[in-house]
Amino acid sequence: MWVEDSFDVEPGIGVACARDNSTSDPLFKQAQDHLRRELSLFLLTKDDVDIVYKPQCSLLLTSSLDHIESNNKVRDAYGAGVPVVLASDVLTCSVGERIRAFLAPSRHAEYCNDKQEFEGSWHLASHVLKASDRYFATHTRAGGKLKCIERIEEHLRNVIGESQDVGNALPQKQPIDFVVVPTLRTISKNLKLAVNRHPPVPVIRSYELIDKAEGDEVPAWIWKGGEMWAYPRKCNPR
């Protein structure tokens with residue numbers, strides 16, 4: 001009934017939760033806490049019955065794949081092509097790692113194609129941190145302010161100086177050397193404006209800046225052009 005694949009765990013990703021309310025499940029609560037506090041993922045509202053179909057939902061957490069028999073969110077994820085992860089796997093996962101993820105066989109090929117296409121839309125380069133760097137941080141606001149972004153902004157202030165104030169729309173002529181995001185799957189107005197410049201502004205993932213100092217080289221990603229999007233692309237049969 002399920003096909004096993006993988007999912008890259010990065011901050012800022014929206015996660016819906018499907019808990020079996022008929023039993024006490026401390027492991028599930030521990031997994032939720034780990035996702036929120038240690039991995040900086042957004043836990044999406046449990047009261048929205050259609051949350052799996054919303055753009056901000058990229059993942060579903062549950063304690064057992066057998067819940068497809070009793071939980072509407074698990075069934076929705078199965079039909080929509082949203083990867084499902086298990087609480088037991090989440091507890092051993094760190095930021096930037098790949099975790100086991102499960103999908104419906106009928107949606108697996110599409111998921112793999114989307115993932116490959118998305119990864120192919122970025123070119124890996126590098127950037128050397130300099131005191132003269134001009135940068136700003138942004139993320140998809142699936143929830144509140146990301147603590148991981150706040151921590152990186154504070155770290156960069158100490159290393160290379162203050163971030164740029166770009167407001168709600170990045171001014172066309174404002175010089176920017178790089179953008180900080182929690183994940184390449186971030187979708188924000190200012191990020192789109194930056195990566196579609198000529199030449200495009202490099203994008204650096206926040207967790208790859210941890211403990212970096214002036215003069216250090218860090219991975220930087222270049223968007224190859226076109227409309228930004230992020231997998232999984234979902235099917236809503238309703």
Side-chain angles (χ1 to χ4, degrees), residues 1-108 110-112 114-115 139-151 182-183 185 206-207 230-238:
M1 177 174 278
W2 296 92
V3 174
E4 181 178 330
D5 204 290
S6 64
F7 190 90
D8 297 319
V9 176
E10 296 178 312
I13 291 171
V15 184
C17 299
R19 180 175 182 172
D20 182 2
N21 292 320
S22 64
T23 61
S24 176
D25 192 350
L27 190 69
F28 188 85
K29 180 63 168 61
Q30 291 172 27
Q32 286 181 306
D33 290 342
H34 186 69
L35 284 172
R36 183 175 63 253
R37 296 176 183 174
E38 302 300 326
L39 305 180
S40 293
L41 273 67
F42 286 124
L43 299 188
L44 303 173
T45 175
K46 64 181 180 180
D47 297 325
D48 189 342
V49 295
D50 292 322
I51 192 61
V52 167
Y53 301 111
K54 298 297 175 65
Q56 62 266 38
C57 179
S58 298
L59 202 61
L60 181 79
L61 171 70
T62 190
S63 55
S64 171
L65 298 178
D66 292 339
H67 289 168
I68 192 172
E69 303 296 336
S70 59
N71 192 290
N72 289 334
K73 289 179 183 175
V74 180
R75 283 197 291 269
D76 287 346
Y78 187 87
V82 174
V84 177
V85 296
L86 299 175
S88 56
D89 290 334
V90 164
L91 289 171
T92 61
C93 185
S94 300
V95 170
E97 292 184 348
R98 288 190 168 179
I99 189 173
R100 286 196 307 168
F102 299 88
L103 297 105
S106 60
R107 301 306 306 277
H108 184 237
E110 182 180 2
Y111 173 79
C112 292
D114 285 350
K115 185 176 181 180
H139 63 85
T140 300
R141 297 188 180 277
K145 177 73 171 179
L146 274 176
K147 290 189 179 297
C148 67
I149 289 291
E150 291 178 337
R151 289 194 295 266
T183 169
R185 283 167 279 183
S206 60
Y207 60 89
Y231 71 94
R233 289 169 168 162
K234 288 173 279 189
C235 169
N236 188 345
R238 295 181 180 178

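- Pairs engaging residues 81-97 under the side-chain hydrogen bond (donor to acceptor under 3.5 Å, both in side chains) rule: Asp89-Arg100 [sequence neighbours left out].
- Within the 4.5 Å cutoff, the side chain of Trp2 has heavy atoms near those of the Tyr78 side chain.
- Between Pro105 and Met1, the shortest heavy-atom contact is CD-O, 3.0 Å.
- Looking only at atom types and distance, the side chain of Asp76 has a donor-acceptor partner in the side chain of Tyr53 under 3.5 Å away.
- Under the rule for a salt bridge (Lys or Arg N to Asp or Glu O under 4.0 Å), Asp66 has no partner lying at least two apart in sequence or in another chain.
- Asn71 has its side chain out of reach of Thr62: every pair of non-hydrogen atoms, C-beta onward, lies at least 4.5 Å apart.
- Within the model, atoms NE2 of His34 and CG of Leu61 stand 11.0 Å from one another, a figure rounded to the nearest 0.5 Å.
- In terms of heavy-atom proximity, Gln32 sits nearest to Cys17 at NE2-SG, 3.4 Å.
- Counting only heavy atoms from C-beta outward, the side chains of Asp5 and Tyr111 approach each other to under 4.5 Å.
- For the atom pair CD1 (Ile13) and CG (Leu44), the distance works out to 11.0 Å, reported to the nearest 0.5 Å.
- Of the inter-residue distances, the one linking Leu59 atom CG with Phe42 atom CZ reads 14.0 Å to the nearest 0.5 angstrom.
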Report the C-alpha distance between Phe102 and Val3 in whole Å, list the side-chain angles of each, state the deciding distance to 0.1 Å, and finish with yes or no for side-chain contact (heavy atoms from CB on, under 4.5 Å). CA-CA 5 Å; Phe102 299 88; Val3 174; over 6 Å; no
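- Here the CG-CD distance, from Leu35 to Gln30, works out to 12.0 Å after rounding to the nearest 0.5 Å.
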Under the salt bridge (Lys or Arg N to Asp or Glu O under 4.0 Å) rule, what do Lys29 and Asp25 come out as? Steps first, then yes or no, please. CA-CA 7 Å; Lys29 180 63 168 61; Asp25 192 350; over 6 Å; no
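- Stacking of Arg185 on the aromatic ring of Phe7 is recorded, both the 6.0 Å distance cut-off and the 45° axial limit being met.
- For the pair Ala18 and Val74, the tightest heavy-atom approach, listed with the atom from each and the gap, is CB-CG2, 3.6 Å.
- Nearest heavy atom pair, residue Tyr207 against residue Pro11, reads CD2-CD, 3.8 Å.
- The CZ atom of Arg19 sits 10.5 Å away from the NE2 atom of His67 when rounded to the nearest 0.5 Å.
- A 4.5 Å side-chain heavy-atom check between Val52 and Leu60 finds at least one atom pair inside the cut-off.
- At a threshold of 4.5 Å between non-hydrogen side-chain atoms, the residues Val95 and Glu10 do not count as touching.
- When side chains are defined from C-beta on, Val15 does not count as touching Ser58, because their heavy atoms never get closer than 4.5 Å.
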Any chance you could lay out the side-chain contact (heavy atoms from CB on, under 4.5 Å) test for Arg36 and Leu41, step after step, and finish with the verdict? CA-CA 5 Å; Arg36 183 175 63 253; Leu41 273 67; over 6 Å; no
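- For Arg98, the salt bridge (Lys or Arg N to Asp or Glu O under 4.0 Å) partners at least two apart in sequence or on another chain are Asp8, Glu119.
- Heavy-atom minimum distance, Cys57 versus Ala16: SG-CB, 3.8 Å.
- In this structure, Leu43 CG and Ile51 CD1 are separated by 11.0 Å, a value rounded to the nearest 0.5 Å.
- Between Leu39 and Cys93, the closest heavy-atom pair is CD2-O, 3.6 Å.
- Side chains of Lys115 and Pro83 form no contact here, defined as non-hydrogen atoms less than 4.5 Å apart.
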